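Quick caveat: nothing in here was measured; it's all calculated off a predicted structure. Naming: A, B, ... by sequence-line order, numbering from 1 per chain.
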2 protein chains.
Amino acid sequence: MDAAVSTPGVERKPGARATAQRSRILRAAQQCFVEKGFHAAGMAAIAQAAGMSPGLIYRYFKSKNEIILAIIEQQLGLARARIGELHGAEDLAAGITRAFQATGEGDERGISAPLFLEMSAEATRDPQIATAIREFDSTVRADIEHVLSRSPKQGGYGLTAGSAAAGRALLLICLLDGLKVREAREPHLDRKLLRAALAELLNELLTP
Amino acid sequence: MDAAVSTPGVERKPGARATAQRSRILRAAQQCFVEKGFHAAGMAAIAQAAGMSPGLIYRYFKSKNEIILAIIEQQLGLARARIGELHGAEDLAAGITRAFQATGEGDERGISAPLFLEMSAEATRDPQIATAIREFDSTVRADIEHVLSRSPKQGGYGLTAGSAAAGRALLLICLLDGLKVREAREPHLDRKLLRAALAELLNELLTP
DNA sequence: AAGGAAAGAATGATCGTTCATTCTCATCTT
DNA sequence: AAGATGAGAATGAACGATCATTCTTTCCTT
């Protein structure tokens, strides 16, 4: 009965392998989801991309849906990190345009545009995904609102008048969403042109 | 060999029934696609929603993919019409805010937000869809660019300086895309707030 | 009676998932 | 040191369900 006596010292980190396998599966799944979409990508394809058998995946994930959820959480985490960077030192406008430029130069640190679309679409159907995304959206929005309404001395933009900060935050988010959509729909778009126009608009959006 | 002798006079409208059936199928398919997505929606479900057998659908469409293509073309047509309205009489800013408000009030004349996302995601995978959407995007953008660069006397906005018109057009499109994304992700969003902020921004985006 | 319209069963493929089995290898026994 | 033990890792075939599509049959109209 008490066969599991903790096997002392042998295994350094508990479940180190499991963690590695999970991330291996997630990497493969992300690749497949980007290439085929959540529903069109099969477990067989994911297994092959991960270099393992289909059955083994179910040792580390309860279901395909759980994998989808994990991928979405991962993407949201990426986005959160990106926004956290903006928060950091400089002003928002410069940070955003720089992040935009980085995305154009093949920077993979941001959210994947196809997955962004897939996630958003799925949120209109799957309640669990909807909750995750909605929670993300509301915290991000509150975050931006906070920065915009804070006084300039504290690194904010002093948009205290009425609901200016709330409105501007909303517009800013729409704009960023739109950039992601364009990234998917017009990958060969003139990014230099867009960057210039974006910088100009951001200055107007953040200061007056 | 020459069996098709045009069947003179017998059939009043050529394929009147066929046309009706096709649109019946498309209506059902759209409903299913919105509820389940392109891939998760099955032909059986579409047939049931259309009130017919699965087999009969194949009398009017070669394949499911052809239905998806037709739905996408239909949605793009809807969007084109919407933009055509803007073109009409008044100024762009007022037209856009009014269209935005209409969407919030359950106006179904515009593009469906879930389908918009689904289409855009699928465009990154299916070359045929990519072509259709890309062609739509480029003509719409040229259209808006044209309006923005035209002189005010001709109903334009006189943004002739350098690439101002092109950049502004791009931003405008991103903004509209972003609004659609929000529509899907935050259906209970404070539209009044957004509308006010939008109107303000549009005035700055279109005039200076 | 003729022929298009419709139904719905059949088809083969593929889906997500499960399961019996084998493999691997660290630990324990002798 | 060498063999036995056993638990976890991994496999890949098998399952029932469902997928898009086709086919045969029936129905209905003229």
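The separation between A/Arg59 atom CZ and C/dC23 atom P is 16 Å, rounded to whole Å. What separates CD of A/Gln21 from P of C/dT24 is a distance of 16 Å, to the nearest Å. Atom CD1 of B/Ile57 is separated from atom P of C/dA5 by 16 Å (rounded to the nearest Å).
Panel note: side chain A/Arg185, backbone B/Arg134; no donor-acceptor pair is recorded below 3.5 Å.
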Run the side-chain donor-acceptor check on residues 61-71 of chain B: report pairs under 3.5 Å with partners two or more places apart or on a different chain.
from    : atom 1 : to      : atom 2 : distance (Å)
B/Ser63 : OG     : B/Asn65 : N      : 3.4
B/Ser63 : OG     : B/Glu66 : N      : 3.3
B/Lys64 : NZ     : B/Phe38 : O      : 3.0
B/Lys64 : NZ     : B/Ala41 : O      : 2.7
B/Glu66 : OE2    : B/Lys62 : N      : 3.2

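Residue contacts for B/Tyr60: at a heavy-atom cut-off of 4.0 Å it reaches the sugar-phosphate backbone alone, with no base atom in range.
Look at A/Arg98 and A/Glu85 and you find no salt bridge, because none of the NZ, NE, NH1 or NH2 atoms lies under 4.0 Å from a carboxylate O. Salt-bridge check for B/Arg168 with A/Glu200: passed, with a basic side-chain N closer than 4.0 Å to an acidic carboxylate O.
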Please list each protein N or O that sits under 3.5 Å from an N or O in nucleotides 19-23 of chain D, with the distance.
from   : atom 1 : to      : atom 2 : distance (Å)
D/dA20 : OP1    : B/Ala41 : O      : 3.3
D/dA20 : OP1    : B/Lys64 : NZ     : 2.5
D/dA20 : OP2    : B/Met43 : N      : 2.6
D/dT21 : OP2    : B/Tyr58 : OH     : 2.6
D/dT21 : OP2    : B/Lys64 : N      : 2.8
D/dT21 : O5'    : B/Tyr58 : OH     : 3.2

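Identified under the side-chain hydrogen bond (donor to acceptor under 3.5 Å, both in side chains) test for residues 34-45 of chain A, with sequence neighbours left out: A/His39-A/Glu122.
Checking C/dA7, D/dG12, D/dA9 against the side-chain heavy atoms of B/Met52 singles out C/dA7 as nearest.
The side-chain tip of A/Arg80 does not point at the ring of A/Phe136 from less than 6.0 angstrom away and within 45° of straight on.
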